[in-house]
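Values below: all heavy atoms of this structure, side chains included; hydrogens, waters and symmetry mates excluded. Since this is a predicted model, take the numbers as computed values, not measurements. Quick note on labels: first sequence line is chain A, next is B, and so on, each numbered from 1.
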Number of protein chains: 2
Amino acid sequence: MGQKNNYDMTKDRILNEAETLFAQKGYHGVTVREITEAANCNLASVNYHFGNKWNLYLAVFHFRWLPRAKSLHDAVVKDLEKNDFPSRSDVVKALAHAFLEGPLAEEERTRHSLLIFRELTQPTEAFELIAKEAVLPLFQLVSDSLRPVMPAELDEKRLKLNIFSIFAMVIYFNFARAAITHITGQNYDQDFKAMLTEHITNFSLHGLGAKAEE
Amino acid sequence: MGQKNNYDMTKDRILNEAETLFAQKGYHGVTVREITEAANCNLASVNYHFGNKWNLYLAVFHFRWLPRAKSLHDAVVKDLEKNDFPSRSDVVKALAHAFLEGPLAEEERTRHSLLIFRELTQPTEAFELIAKEAVLPLFQLVSDSLRPVMPAELDEKRLKLNIFSIFAMVIYFNFARAAITHITGQNYDQDFKAMLTEHITNFSLHGLGAKAEE
DNA sequence: GTCTATAGCAGGATAGAC
DNA sequence: GTCTATCCTGCTATAGAC
């Protein structure tokens with residue numbers, strides 16, 4: 001039992017440090033030495049606990065990324081349950097709020113985002129896992145929530161594109177921070193994030209608001 | 001002179017293969033050996049022509065990525081010049097069209113996108129270069145085009161957020177192909193891309209079209 | 001379960017012949 | 001400018017003592 005604590009703690013520390021480093025530098029950019037030094041344990045422990053470096057990478061998604069994705073999913077569900085019949089605006093707001101100001105701490109969110117961006121652009125075995133366990137379910141949730149409040153004549157294909165567009169903004173404003181900060185000089189403080197949530201909701205509902213011209 | 005041809009050709013072949021491989025696997029995922037084998041030249045030629053691996057990476061952005069970005073920029077400019085006073089719709093359409101159906105061939109676009117996504121999420125020295133030479137100028141162009149057709153009371157900050165949202169979609173639909181194909185089962189053929197351009201334009205102008213409910 | 005020591009190999013870079 | 005041969009560092013992974 002005392003041993004089991006040590007076991008868990010070392011394994012946990014490795015997972016924590018591995019997640020941070022993989023998020024920052026990508027799989028190939030990180031060495032096992034780096035991870036074990038950061039985790040304050042021996043070089044050999046990665047192989048002992050996870051077999052090899054690649055399995056450690058997968059374990060990060062399994063034991064760290066997925067639970068966090070579930071907490072995001074739950075935050076959206078809870079937000080939607082406030083209303084018996086959530087409006088379009090409720091759905092968008094729930095999503096934007098969860099991703100930009102939700103249950104995840106600031107640095108946690110960055111880590112979470114970086115890990116999935118790498119998988120989105122260059123899918124590996126890990127993508128299979130998170131698509132099935134997190135991405136598809138969340139997409140389905142949003143789809144089911146929007147379907148009853150969108151015009152009946154809107155076909156499935158176009159409904160999906162609309163949902164992708166909402167995700168596009170939520171995700172983009174998370175991952176393009178470097179560019180956004182560079183262009184606007186704006187830091188991601190509490191105020192700016194609240195403004196972003198408001199903007200995303202508004203843009204998703206009305207776009208640029210072109211009524212005046214056409 | 002005959003020598004200069006060989007010189008150029010080897011250097012060019014290295015740049016070509018390096019670009020493809022860096023886009024596919026990222027800087028650390030690629031080895032110099034891999035590049036020179038693909039370019040059908042000797043291992044030492046990378047060091048001869050570019051000094052070291054890192055300089056080759058920067059050269060890819062300088063000699064390959066930037067010219068392509070300029071051709072995209074030009075496509076947008078030319079499209080906008082069709083109208084003396086481009087409407088909001090004209091601006092969005094010009095952007096979406098250039099990025100999804102513009103001057104770049106299919107595989108070229110993917111390469112181009114992958115390279116910048118890596119830099120957007122994890123900026124290096126290369127980001128400085130392309131931000132100054134390509135990203136900021138394009139942003140400015142869109143900003144200048146939209147300013148006269150947006151309400152005067154819209155402040156700079158919010159105008160910028162609107163522009164980011166348009167870019168968000170244009171970029172997202174390029175880079176999240178893996179996810180989109182996985183979820184929709186839809187391939188990026190000519191028809192789908194035309195539908196995307198239409199969708200992005202429409203969504204950017206009207207959002208989900210929430211007039212009915214609020 | 002944790003450590004040291006090391007095998008075994010792949011990587012970037014260079015020297016020097018042609 | 002291009003090539004071969006080679007140096008040397010740093011990597012993953014494992015064997016085996018504790």
Student: To the nearest Å, give me how far apart CG (B:N55) and P (C:dT14) are.
Tutor: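 Computing the B:N55:CG to C:dT14:P distance gives 11 Å.
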Student: Starting from P on D:dG1, measure out to CD1 on B:I14 and report it in whole angstrom.
Tutor: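 That distance rounds to 12 Å.
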Student: Just the rounded figure in Å: distance from C1' of C:dT2 to CG of A:N40.
Tutor: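 A:N40 atom CG is separated from C:dT2 atom C1' by 13 Å.
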Student: At what distance, to the nearest 0.5 angstrom, does OG of A:S71 lie from NZ of A:K78?
Tutor: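 Those atoms lie 10.5 Å apart.
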Student: With a 6.0 Å cut-off (strictly less than), is the heavy-atom count around CD of A:E125, excluding the residue itself, greater than 12?
Tutor: no
Student: Can you name the atoms? Protein N/O to nucleotides 13-18 of chain D N/O, anything below 3.5 Å, with the distance.
Tutor:
unit_1 : atom_1 : unit_2 : atom_2 : d
D:dA13 : OP2    : A:K53  : N      : 3.1

Student: Look at A:H28 and D:dC11 and indicate whether a side-chain polar atom (N or O) is within less than 4.0 Å of OP1 or OP2.
Tutor: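 So the side-chain polar atoms of A:H28 never come under 4.0 Å of the phosphate oxygens OP1 or OP2 of D:dC11.
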Student: Of the non-hydrogen atoms in B:N42 and B:T36, which two are nearest, and what is the gap between them?
Tutor: O-CG2, 3.4 Å
Student: Over 60° means perpendicular and under 30° means parallel, so classify the ring planes of B:F164 and A:F173, tilted if in between.
Tutor: perpendicular
Student: Consider only side-chain N and O atoms of A:S165 and B:H199, and report whether a donor and an acceptor are under 3.5 Å apart.
Tutor: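 A pair is found: one side chain offers a donor N or O, the other an acceptor, under 3.5 Å apart.
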Student: Provide, to the nearest angstrom, the distance between the OH atom belonging to B:Y27 and the C1' atom belonging to C:dG12.
Tutor: 9 Å
Student: In this structure, are over 12 heavy atoms from other groups packed under 6.0 Å from B:K70 atom NZ?
Tutor: yes
Student: OP1 or OP2 of C:dA10 sitting under 4.0 Å from any side-chain N/O of B:T31?
Tutor: no
